[in-house]
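Below is one structure; the comments refer to it alone.
Hydrogens, waters and symmetry mates play no part in the numbers below; they use all other heavy atoms, side chains included.
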Amino acid sequence: MNVIVICCFSFFVLPEMPWWFVVILASMAGLTSKGFFTSIINGFLCGSIPWVVILLYRYYSGAELLVHRVSGIIGMDGLSGALLATAIIGGAIGAMGALCSYTFKIAFKDQLIRE
């Protein structure tokens, strides 16, 4: 459920922010995760889904020439290459951000003040 909320929030925020802001959004998924593996999966999804949806929106709203040229630069022709590269890059960045925040939470769990 938290992945859906973070992805919906990302759709509104990411087009106006720099590319690295996906790390901050994915770190929210890492803070709410219950395990090591789930933090990686949640971060990957929170990083790749918004970027892919924004790429598809931009592609079908008039940026198909730009997408084809950039995908040609990275060696993957067409929309499928751009989608694959976007999903892998966004997912890897999101997974690293979520994993970083999850390990931060685990490292300082015993330092929280509980009454």
Just how far is it from atom CG of Leu45 to atom OG1 of Thr38, taken to the nearest 0.5 Å?
11.0 Å
Ser48 side chain to Gly91 main-chain N or O, any donor-acceptor pair under 3.5 Å?
no
With side chains defined as the heavy atoms from C-beta onward, is the minimum distance between Val22 and Pro50 less than 4.5 Å?
no
Is there a continuous path of hydrophobic side-chain contacts, each under 4.5 Å between heavy atoms, that joins Ile24 to Ile93?
yes
Under 4.5 Å between any side-chain heavy atoms of Tyr59 and Leu83, yes or no?
no
hydrophobic_cluster_shared for Val52 and Tyr60, side chain cutoff 4.5 Å
yes
Atom CZ of Phe104 with >12 non-hydrogen neighbours under 6.0 angstrom:
no
Determine, stepwise, if the pair Val3 / Phe44 fulfils side-chain contact (heavy atoms from CB on, under 4.5 Å).
CA-CA 10 Å; Val3 173; Phe44 188 86; over 6 Å; no
Heavy-atom closest pair (Arg58 atom, Pro15 atom, distance to 0.1 Å) is NH2-CB, 3.8 Å
To the nearest 0.5 Å, atom OG1 of Thr103 lies from atom CZ of Phe108 at 10.0 Å
What one should report as the nearest heavy-atom pair of Ala98 and Ala26 is CB-O, 3.4 Å
Between Val23 and Met96, is there shared hydrophobic-cluster membership here, with clusters defined by ILVMFWY side-chain heavy atoms closer than 4.5 Å?
no
Apply the test side-chain contact (heavy atoms from CB on, under 4.5 Å) to residues Met28 and Thr32: give CA-CA distance (whole Å), side-chain angles for both, the deciding distance (0.1 Å), then the verdict.
CA-CA 6 Å; Met28 293 189 300; Thr32 59; 5.9 Å; no
When clusters are formed by joining ILVMFWY residues with side-chain heavy atoms under 4.5 Å apart, either directly or through shared neighbours, do Met17 and Phe12 land in the same one?
no
Just how far is it from atom CG of Leu31 to atom CG of Asn2, taken to the nearest 0.5 Å?
10.5 Å
Rounded to the nearest 0.5 Å, what separates atom CD1 in Ile89 from atom CG in Leu84?
9.5 Å
Calculate, to the nearest 0.5 Å, the distance between atoms CD1 and CG belonging to Ile54 and Leu14 respectively.
5.0 Å
Minimal heavy-atom distance between Trp19 and Trp51, with the atoms involved, is O-CZ2, 3.4 Å
Rounded to the nearest 0.5 Å, how far does CG of Asn42 lie from OG of Ser27?
12.5 Å
To check you understand the geometry: which heavy-atom pair defines the closest contact between Cys7 and Cys46, and what is its length?
SG-CA, 4.0 Å
Ile40 to Leu99 - nearest heavy-atom pair and separation
CG1-CD1, 4.1 Å
With the 4.5 Å side-chain cut-off for hydrophobic clustering, are Leu25 and Val5 part of the same group?
no
